[in-house]
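Data block below; observations after.
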Amino acid sequence: MTLASQIKHAAKDALKVLYPDAAIELSTISVNQTKPEFNGDYTVVLFPFLKLLRQKPDAIGKQLGDYLVEKTGLFSGYEIVRGFLNLTVTDAHWVSFLMNHFTDAHYGERSKTDRRVMVEYSSPNTNKPLHFGHMRNIFLGAAMSEILRATGNQVVKANLINDRGIHICKSMIAWMRYADGATPESTGIKGDHLVGDYYVKFNDVYKEEIAQLVAGGMDEKVAEKESAIMKDAQELLRKWEDGDKEVRDLWQMMNGWVYEGFDESYKRLGISFDKVYHESDTYLLGKKIVEGGLRKGVLFKKEDGSVWVDLREDGLDEKLLLRGDGTSVYMTQDLGTAKLKYDEFKLNQSVYVIADEQNYHIQVLKLIMKKLGEPCADGIYHLSYGMVELPTGKMKSREGTVVDADDMVSEMINLSREQTEQSGKTEGFAQDELAKLYETIGMGALKFYLLRVDPKKRMIFDPKESIDLHGYTATFIQYAHARICSILRKENVAISPDCTKFQSFVQVTELLPLEKKIMLALEEYPLILSDAADEFNPSSICNYSFQLAQMFNTFYDAHSISKAESEEKKQLRLMIIVMTASVLRHAMHLMGIRLPEKM
RNA sequence: GGCCCGGUAGCUCAGCUGGAUAGAGCACCAGCCUUCUAAGCUGGGGGUCAUUGGUUCGAAUCCAAUCCGGGUCACCA
């Protein structure tokens, strides 16, 4: 239990004793951290009690304050300021808090349970390389997986690869026509980029053909359907569905190139999956579910043979589930995959990390599953995130404004190298250590930039700002961590020291405000982590980590650790910074960000 | 038009289960390196929390309406 909620309960018990006739609910008691301009650590707001107790705030505050100080032993004193009871926690409590937790590498985690959660993220199409928008998805999914794991869940990280459909056929057609047999090996181009190049080529040719047809007097809508290259692509899709060997072979070869490229990108991003689904394997499964729904009478068939679900009583529309010719649509395959996931892992929750433009789609998916009585329905959760936009407008691959993921990664790493060289902090590093450091800094900055914003909000990606390694960035946190490690090195203290070494030194009574401030923040970490899990929002952890790093920097500037006023103080401060570094490492690890010991 | 999401400093964002004088970062101005890493620290200017009304001891936070921006409502995925 957090200190704040301990205080809440203590206050409730106290009021019950002090005012036996008044029934004070726990929910009417509000406990916050005391604002820095006042004395105290935690504040109980007295206003809600005025009516119930028919007393003035000062009177209630005095009774409550006296009682709490006397009976709990948790507080050394209190002040009442205009209806707020500011309680000061004893220094002894903080010291024992430190002793109990400062070497715990798992501090803040919840104990493990049997709750099974799948987090599906990335889920790329195989016709083009990953771009910047995908990175928000990927980092969110990876971070949430770690956060859910740290809060007690059994997590399965899943990737559903959209490897079939007209989009990949477009790349295939263009490759057949224009590539002259080019392969990643023959060209030296990364596989996903090579295939992406032909997707772009397709669109160029397509646009040109439409323009010509329109110039010849054809209506644009008709021209879009009459374009020769588009017809070829559709023909190719039909052949693929029929299982045409040549087409399937080409498809397999080109997808193989893309997978190699993706694997390289994932590796560089520090991303992995426990389970990979391919849409080509799962897209037929939904049909069975639809047939079952028909038999149950939950779904209905129209004259042309198409199958629908009626969602009008839920305030939505009718929704198509199978085409008249029996082929499946997007929703059909998602029904199948949802059930497959559930059956395979007996999931309590299935998280979909998908952009908010699909809010409606997931809502419908969940609703249909519910109507069909599928047990997976309740566990479906859409982690919806806003689009990433450029300052100039939206990122759309066809408009040429796309920022490629691989390029972005390289750019960040280059920048961290320039920055480090410029600051002259390369001394004492071996070449390979430096390379690793640049990657740690560059990737950290990238991940942090994308995770520090509330997922549900749209965000603007300003290339200039994103490469800033000052201020509210991972670099800032990494730097604070490196400074701590530097002190620990000089004091011969291990990063995760043996706590018994410190036992004898804990007799400190007078805590400085800045010492206490950091401990207050450390005490809060489990709650921050817990909230991030409950709200599916890693940004609060970014925020917290930055603030904690900032507190350390302020402390570092104001008070010396190695030359503290006394040996006891020095030991206390060492414990504080050991725990600070440990919490920062834990928090950043959840985001997939490493903290160097030297930079 | 229906439904969903957003609007807080010049810019990018916190704060939103109601609590004290609304906070960071960037940018701008002024200071701080013979002392543990200046990728840092301290101070300053900068706000009608979109607007209006309501709820109450108290509203950026809750409710309603309005305005602005985005998304979505396909036999596309």
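Chain letters run A, B, ... following the sequence lines, proteins first and then strands; every chain starts at 1.
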Legend entry - Atom pair distance, as rounded to whole Å: CG in A/Leu527 and P in B/U17: 13 Å
Inset, instruction - Give the intermediate values and the outcome of side-chain contact (heavy atoms from CB on, under 4.5 Å) for residues A/Val44 and A/Phe49. - result: CA-CA 11 Å; A/Val44 180; A/Phe49 311 139; 4.2 Å; yes
Legend entry - Options B/A77, B/G19, B/C41, nucleotide nearest the side-chain atoms of A/Phe476: B/C41
Inset, instruction - Please state how far atom CG in A/Leu548 lies from atom C1' in B/A24, giving the value in whole angstrom units. - result: 15 Å
Inset, instruction - Return the nearest nucleotide to the side chain of A/Asn553; candidates are B/C41, B/C73, B/C36. - result: B/C41
Legend entry - Span that lies between the C1' atom of B/G70 and that of B/G54, in whole angstrom: 28 Å
Inset, instruction - Could you classify B/C49 for me, syn or anti, using a glycosidic angle within 90° of 0 as syn? - result: anti
Inset, instruction - Please name the pair of heavy atoms, one in A/Glu241 and one in A/Arg164, separated by the smallest distance, quoted to 0.1 Å. - result: OE2-NH2, 3.2 Å
Inset, instruction - Among the candidates B/C75, B/A77, B/U37, find the nucleotide nearest to the side-chain atoms of A/Trp308. - result: B/C75
Legend entry - N/O (side chain, A/His470) to phosphate O (OP1/OP2, B/G40) under 4.0 Å: yes
Inset, instruction - For B/U12, take OP1 and OP2 only and decide whether either is under 4.0 Å from a side-chain N or O of A/Tyr449. - result: no
Inset, instruction - Specify the residue among A/Gln419 and A/Arg452 whose closest nucleotide of RNA chain B lies further upstream toward the 5′ end. - result: A/Arg452
Inset, instruction - Tell whether A/Thr473 reaches the base of B/A39 with its side chain through a donor-acceptor pair below 3.5 angstrom. - result: no
Inset, instruction - In whole angstrom, give the distance that lies between atom NZ of A/Lys490 and atom P of B/U35. - result: 11 Å
Inset, instruction - Report yes if at least one side-chain N or O of A/Thr554 is closer than 4.0 Å to OP1 or OP2 of B/U42; otherwise report no. - result: yes
Inset, instruction - For A/Lys56, enumerate each residue passing the salt bridge (Lys or Arg N to Asp or Glu O under 4.0 Å) test, keeping only those at least two apart in sequence or located in another chain. - result: none
Legend entry - Interatomic distance, A/Ile441 CD1 vs B/A39 P [rounded to whole Å]: 11 Å
Inset, instruction - For nucleotides B/C32 and B/G71, find the distance between their C1' atoms and express it as a whole number of Å. - result: 49 Å
Inset, instruction - Work out which heavy atom in A/Ala494 is nearest to a heavy atom in A/Pro497; give both atom names and the distance. - result: O-CD, 3.3 Å
Legend entry - A/Glu235 bridged to A/Arg238 by N-O distance under 4.0 Å: yes
Inset, instruction - Take the protein atom CD of A/Gln358 and the nucleotide atom C1' of B/A74, then report the distance between them rounded to whole Å. - result: 13 Å
Legend entry - Below 4.0 Å: OP1/OP2 of B/G25 and any side-chain N or O of A/Gln550: yes
Legend entry - Structure string for RNA chain B in dot-bracket form, Watson-Crick and G-U at under 3.5 Å, | interchain: ((((((((.[[[[.)...(...]]]].(((((.......))))).....[[[[[..)....]]]]])))))))....
Legend entry - Side-chain N,O (A/Arg323) to OP1/OP2 (B/C76) below 4.0 Å: yes
Inset, instruction - In whole angstrom, give the distance that lies between atom CG of A/Asn125 and atom C1' of B/A77. - result: 7 Å
Inset, instruction - Could you tell me whether the phosphate oxygens of B/U21, OP1 or OP2, come under 4.0 Å of any side-chain nitrogen or oxygen in A/Lys35? - result: no
Inset, instruction - Test A/Tyr385 against every option in A/Asp454, A/Asn137, A/Asp356 by the side-chain hydrogen bond (donor to acceptor under 3.5 Å, both in side chains) rule and name the one that passes. - result: A/Asn137
Legend entry - Under 4.0 angstrom between A/Tyr479 side-chain N/O and B/A39 OP1 or OP2: yes
Legend entry - Whole-Å distance separating the CG atom of A/Leu52 from the C1' atom of B/C57: 13 Å
Legend entry - Member of A/Asn39, A/Thr43, A/Asn86, A/Thr34 meeting the side-chain hydrogen bond (donor to acceptor under 3.5 Å, both in side chains) criterion with A/Glu79: A/Asn39
Legend entry - Pair A/Lys12 + A/Glu25: basic N to acidic O under 4.0 Å: no
Could you list the protein-to-nucleotides 2-11 of chain B atom pairs, N/O on both sides, closer than 3.5 Å?
| unit_1 | atom_1 | unit_2 | atom_2 | d |
| --- | --- | --- | --- | --- |
| B/G7 | OP1 | A/Lys457 | NZ | 3.2 |

Review item, nucleotides 58-61 of chain B N/O atoms under 3.5 Å of protein N/O:
none

Legend entry - Side-chain donor/acceptor contact of A/Ser423 with base of B/A38 under 3.5 Å: no
Legend entry - Carboxylate-amine/guanidinium proximity below 4.0 Å for A/Arg312 and A/Asp310: yes
Legend entry - B/U12 to B/U51 separation - C1' atoms, rounded to the nearest Å: 24 Å
Legend entry - Along RNA chain B (nearest heavy atom to each residue), the more 5'-positioned of A/Leu437 and A/Lys302: A/Leu437
Inset, instruction - Assign the ring pair A/Tyr472 / A/Phe546 to parallel, tilted or perpendicular, where the plane angle (0 to 90°) is split at 30° and 60°. - result: tilted
Inset, instruction - Quote, to the nearest angstrom, the C1' distance that separates B/U42 from B/C57. - result: 38 Å
Inset, instruction - Flag the pair A/Glu491 and A/Lys570 as a salt bridge only when some basic side-chain nitrogen lies within less than 4.0 angstrom of an acidic carboxylate oxygen. - result: yes
Inset, instruction - Would you mind classifying the nucleic acid contact of A/Met599 as base, sugar-phosphate or nothing, using non-hydrogen atoms under 4.0 angstrom? - result: base
Inset, instruction - Confirm from the modelled atom types if A/Lys563 and B/U35 form a donor-acceptor pair under 3.5 Å, side chain to base only. - result: no
Legend entry - Parallel, tilted or perpendicular: ring planes of A/Trp240 versus A/Tyr283, cut at 30 and 60 degrees: tilted
Inset, instruction - Classify the nucleic acid contact of A/Glu491 as base, sugar-phosphate or nothing, counting any heavy atom under 4.0 Å across all strands shown. - result: nothing
Inset, instruction - In whole angstrom, give me the gap between the P atoms of B/C49 and B/A20. - result: 15 Å
Legend entry - Interface residues of residues 78-86 of chain A with RNA chain B (non-hydrogen, below 4.0 angstrom): A/Phe84, A/Asn86
Inset, instruction - Classify the nucleic acid contact of A/His559 as base, sugar-phosphate or nothing, counting any heavy atom under 4.0 Å across all strands shown. - result: base
Give me, pair by pair, the N or O atoms of the protein and of nucleotides 31-33 of chain B that are less than 3.5 Å apart, along with how far apart they are.
none

Inset, instruction - Pick the C1' atom in B/A77 and in B/A14, then give their distance to the nearest Å. - result: 36 Å
Legend entry - Interatomic distance at P, B/U48 relative to B/C4, whole Å: 31 Å
Inset, instruction - Give the rounded distance in Å between these two atoms: CG of A/Asp468 and C1' of B/C26. - result: 7 Å
Legend entry - Salt-bridge present (A/Lys598, A/Glu427; N to O < 4.0 Å): no
Inset, instruction - Report yes if the ring of A/Phe546 lies under 5.5 Å from the six-membered base ring of B/G25 with planes under 30°, and no otherwise. - result: no
Inset, instruction - Would you indicate, yes or no, if B/C36 has its OP1 or OP2 atom less than 4.0 angstrom from a side-chain nitrogen or oxygen of A/Ser560? - result: no
Inset, instruction - For A/Lys51, report the nucleic acid contact type (base, sugar-phosphate, nothing); a contact means any heavy atom under 4.0 Å. - result: sugar-phosphate
Inset, instruction - Could you walk me through whether A/Gln33 and A/Lys517 pass the side-chain contact (heavy atoms from CB on, under 4.5 Å) test, one step at a time? - result: CA-CA 10 Å; A/Gln33 280 193 18; A/Lys517 197 177 170 189; over 6 Å; no
Inset, instruction - Between B/G69 and B/G31, how far apart are the C1' atoms? Round to whole Å, please. - result: 42 Å
